[in-house]
S.K.: 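Take a look at this one; I'll ask things after.
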Amino acid sequence: MEAKLEKILNNFDKLKFQFDLIQWFLNEQRILPWRQDKDPYKIWVSEIMLQQTRVETVIPYFTNFIEKFPSPESLAKAEEEHVLKAWEGLGYYSRARNLQSAVKEVVAEYGGKVPDNVEELSKLKGVGPYTQGAILSIAYNIPEPAVDGNVMRVLSRILLIKDDIAKVSTRKLFENIVREIISVDQPSEFNQSLMELGALVCTPKSPSCLLCPVQNHCRAFSEGIQHELPYKTTKKKVKEVFITALILKNKTGEILVQKRPNEGLLANLWELPNHELQLNSMHGESEQIQRFMKEKYNLDVTVGDHFMNLKHEFSHLVWKIDVYPAYTDGALPKADNSQFVSREELSKLPFPVSYKKIISEIQW
DNA sequence: AATACGGGGAG
DNA sequence: CTCCCAGTATT
């Protein structure tokens, strides 16, 4: 064992820790839809959805998703747009596209059986170190680490580790720690209990140390510094982008929508026609709209009074969207990535939440 | 090592 | 407002 690891685990009673932690988990764990059975496919879907996403948020999406795509085969053959529609509002949409891509590979290469080893699992799109460990331990009961934010928070407090959890090297340190202290008899319960403890007891802001089943083992608690851990460097502030979006109706009252590019932000989702506002332009907002619609779609549009504005905040930027109603007599050539659609057709397309909000305000 | 990638809930 | 959540891919 590496020296640093040796020092951290010196004088740590891992057997007692395992027992206390797992005992608590078996008694107190939440009833969750993906805990109803050990179907590796369902575990996989749940783990992808749970990336950077709260349990309460995921539950209805998971139930609906499994209903629509109950098996790897059904997901593999589904239309991507239907998969994105099932993901609509959940965020990080590349997760959905990577999941479908990976499931196709599992069906083609492994006869639809989710791999039970690191080599094959880690090759799948969207399956990183955490998800791979989660599938192996939870679905197959193999003692592999599954280190997420919860695990780093809990263990940084228990073992008094002050390394910056934003660093990759720190995540690897925690993986090595888990390899040493994981229960070889109950790896599934061990990993889940660490995460469950982080979610229910050892929370970020105000941990319930007085109710903690492993309080006796916690070095941070014994020193009274549980609130100072984990240590994490903060990220810089986000960039502002000003967007002008259009609710453009044609003669028959249909609305123009366009599909976003197949990579990058909100890839393959739909949106209203829009462009980034030039703040230093000598032209007004509505004139910029007319120029833009002429250039991009060769459409002459009449722009109405300002309709609404809203903010769409991402992790790394914020859109400030101004929305205008508009009308056109013109028509559009047939295209896959932009078309006039009825209210009915529009309801079937996947949109980012910001555009969902705008669309819900449309007077049809 | 840093950045892109959603959205929402807690304090 | 800030933080951060059962993280991964790309640069």
Side-chain angles (χ1 to χ4, degrees), chain A residues 25 29-30 32-35 43-62 84 87-99 101-102 121-135 137-139 145-154 164-172 174-175 178 188 190-200 202-206 227 230-239 241 260-261 263-269 271 310-319 350-357:
Chain A
F25 175 69
Q29 65 172 302
R30 292 165 290 181
L32 298 171
W34 47 89
R35 286 181 177 162
I43 302 291
W44 182 9
V45 171
S46 74
E47 292 302 341
I48 300 297
M49 286 188 169
L50 286 161
Q51 289 169 7
Q52 297 293 287
T53 313
R54 289 188 162 72
V55 165
E56 312 83 71
T57 306
V58 168
I59 290 173
Y61 282 91
F62 175 82
L84 285 175
W87 212 271
E88 182 182 67
L90 195 54
Y92 285 148
Y93 298 93
S94 66
R95 290 185 297 176
R97 305 203 305 133
N98 286 338
L99 174 60
S101 166
L121 226 34
S122 61
K123 282 193 293 192
L124 299 175
K125 281 189 182 136
V127 178
Y130 165 75
T131 304
Q132 153 197 319
I135 293 173
S137 61
I138 298 173
V147 174
D148 69 342
N150 285 310
V151 173
M152 289 197 282
R153 182 173 60 256
V154 169
D164 179 6
I165 65 166
K167 293 181 181 300
V168 175
S169 59
T170 304
R171 195 208 69 224
K172 289 180 176 171
F174 280 111
E175 284 173 353
V178 171
S188 170
F190 182 85
N191 279 344
Q192 290 189 77
S193 65
L194 278 180
M195 294 189 270
E196 195 79 344
L197 189 73
L200 300 181
C202 197
T203 53
K205 295 295 169 56
S206 52
H227 295 92
Y231 172 71
K232 185 182 184 183
T233 53
T234 54
K235 67 243 181 268
K236 60 178 170 61
K237 56 195 291 289
V238 299
K239 179 178 73 168
V241 177
R260 294 179 58 84
E263 58 181 23
L265 184 64
L266 304 167
N268 283 0
L269 270 67
E271 63 185 359
L310 71 163
K311 222 168 33 162
H312 188 175
E313 299 183 72
F314 302 86
S315 319
H316 56 304
L317 62 88
V318 52
W319 284 349
F351 285 86
V353 165
S354 51
Y355 285 99
K356 256 321 238 191
K357 287 177 182 165

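The analysis underlying the following values was restricted to heavy atoms, covering all of them including side chains, and did not include hydrogens, waters or symmetry mates. Each chain gets a letter, A, B and so on, in the order its sequence line appears, and its residues count up from 1.
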S.K.: Under a plain distance cut-off of 3.5 Å, with no hydrogens placed, do A:Thr170 and A:Asp164 share a side-chain donor-acceptor pair?
M.R.: no
S.K.: Whole-Å distance between B:dG7 C1' and A:Arg95 CZ?
M.R.: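 The distance from CZ of A:Arg95 to C1' of B:dG7 comes to 9 Å, rounded to the nearest Å.
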S.K.: When you look at A:Arg35 and A:Glu196, which way does the salt bridge (charged side-chain N to carboxylate O under 4.0 Å, His left out) test go after all the steps?
M.R.: CA-CA 13 Å; A:Arg35 286 181 177 162; A:Glu196 195 79 344; 3.0 Å; yes
S.K.: Using a cut-off of less than 4.0 Å, is there contact between a side-chain N or O of A:His316 and OP1 or OP2 of B:dC5?
M.R.: yes
S.K.: Using a 4.0 Å heavy-atom cut-off across all strands, classify A:Lys167 as base, sugar-phosphate, or nothing.
M.R.: nothing
S.K.: What is the distance, to the nearest angstrom, from the NZ atom on A:Lys172 to the P atom on C:dT8?
M.R.: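 So the NZ-P distance, A:Lys172 to C:dT8, works out to 13 Å.
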S.K.: To the nearest Å, give me how far apart CZ (A:Phe314) and C1' (B:dA4) are.
M.R.: 12 Å
S.K.: Can you check the distance between C:dA6 and B:dA4, where both ends of the measurement are the P atom (answer in whole Å)?
M.R.: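 One P to the other, the span is 24 Å.
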S.K.: Rounded to the Å, how far apart are A:Lys239 NZ and B:dC5 P?
M.R.: 10 Å
S.K.: Side chains of A:Arg95 and A:Asn98 only: does a donor on one sit below 3.5 Å from an acceptor on the other?
M.R.: no
S.K.: When the P atoms of C:dT11 and B:dG6 are considered, how many whole Å apart are they?
M.R.: 15 Å
S.K.: Quantified in whole Å, what is the C1' atom distance between nucleotide C:dC4 and nucleotide B:dC5?
M.R.: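 Roughly 15 Å separates the two C1' atoms.
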S.K.: Rounded to whole Å, please give me the gap between CG in A:Leu269 and C1' in B:dG6.
M.R.: 10 Å
S.K.: Extract all donor-acceptor atom pairs below 3.5 Å that involve side chains of residues 126-134 of chain A and protein atoms in other chains or at least two apart in sequence.
M.R.:
| residue | atom | partner | partner atom | Å |
| --- | --- | --- | --- | --- |
| A:Tyr130 | OH | A:Glu47 | OE1 | 2.6 |
| A:Thr131 | OG1 | A:Gln51 | NE2 | 2.9 |

S.K.: What is the separation between atom CG on A:Leu90 and atom P on B:dG9, rounded to the nearest whole Å?
M.R.: 12 Å
S.K.: Using atom CG of A:Leu99 as one end and atom C1' of B:dG6 as the other, report the distance to the nearest whole Å.
M.R.: 17 Å
S.K.: Output the rounded distance in Å from CD1 (A:Ile59) to P (B:dG9).
M.R.: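 These atoms are roughly 13 Å apart.
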S.K.: Quick one: list whatever passes side chain to side chain donor-acceptor pair (under 3.5 Å) with A:Ser137, sequence neighbours left out.
M.R.: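 For A:Ser137, the residues satisfying side chain to side chain donor-acceptor pair (under 3.5 Å) (neighbours in sequence not counted) are A:Asn191.
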S.K.: Let me know, please, whether A:Val168 or A:Gly264 comes out on the 5' side of the other along DNA chain B by nearest nucleotide.
M.R.: A:Val168
S.K.: Does atom CD of A:Glu263 have more than 12 heavy-atom neighbours, drawn from other residues, nucleotides or ligands, at distances under 6.0 Å?
M.R.: no
S.K.: How do A:His312 and A:Ser206 order along DNA chain B: which one's closest nucleotide is nearer the 5' end?
M.R.: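 Its nearest nucleotide lies further toward 5', so the answer is A:His312.
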S.K.: Report the C-alpha separation of A:Trp87 and A:Tyr61 in whole Å, then their side-chain angles, then the decisive distance to 0.1 Å, and conclude whether the ring-ring contact (aromatic ring centres under 6.0 Å, His included) test is met.
M.R.: CA-CA 7 Å; A:Trp87 212 271; A:Tyr61 282 91; 7.7 Å; no
S.K.: Going 5' to 3' through nucleotides 1-7 of chain C, assign each nucleotide B (protein heavy atom under 4.0 Å from a base atom), S (under 4.0 Å only from sugar-phosphate atoms) or - (no protein heavy atom that close).
M.R.: S-SBBBB
S.K.: Measuring from the side chain of A:Leu265 (C-beta onward, heavy atoms only), which nucleotide among B:dC5, B:dG7, B:dG8 has the closest atom?
M.R.: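 Among B:dC5, B:dG7, B:dG8, the one nearest the side chain of A:Leu265 is B:dC5.
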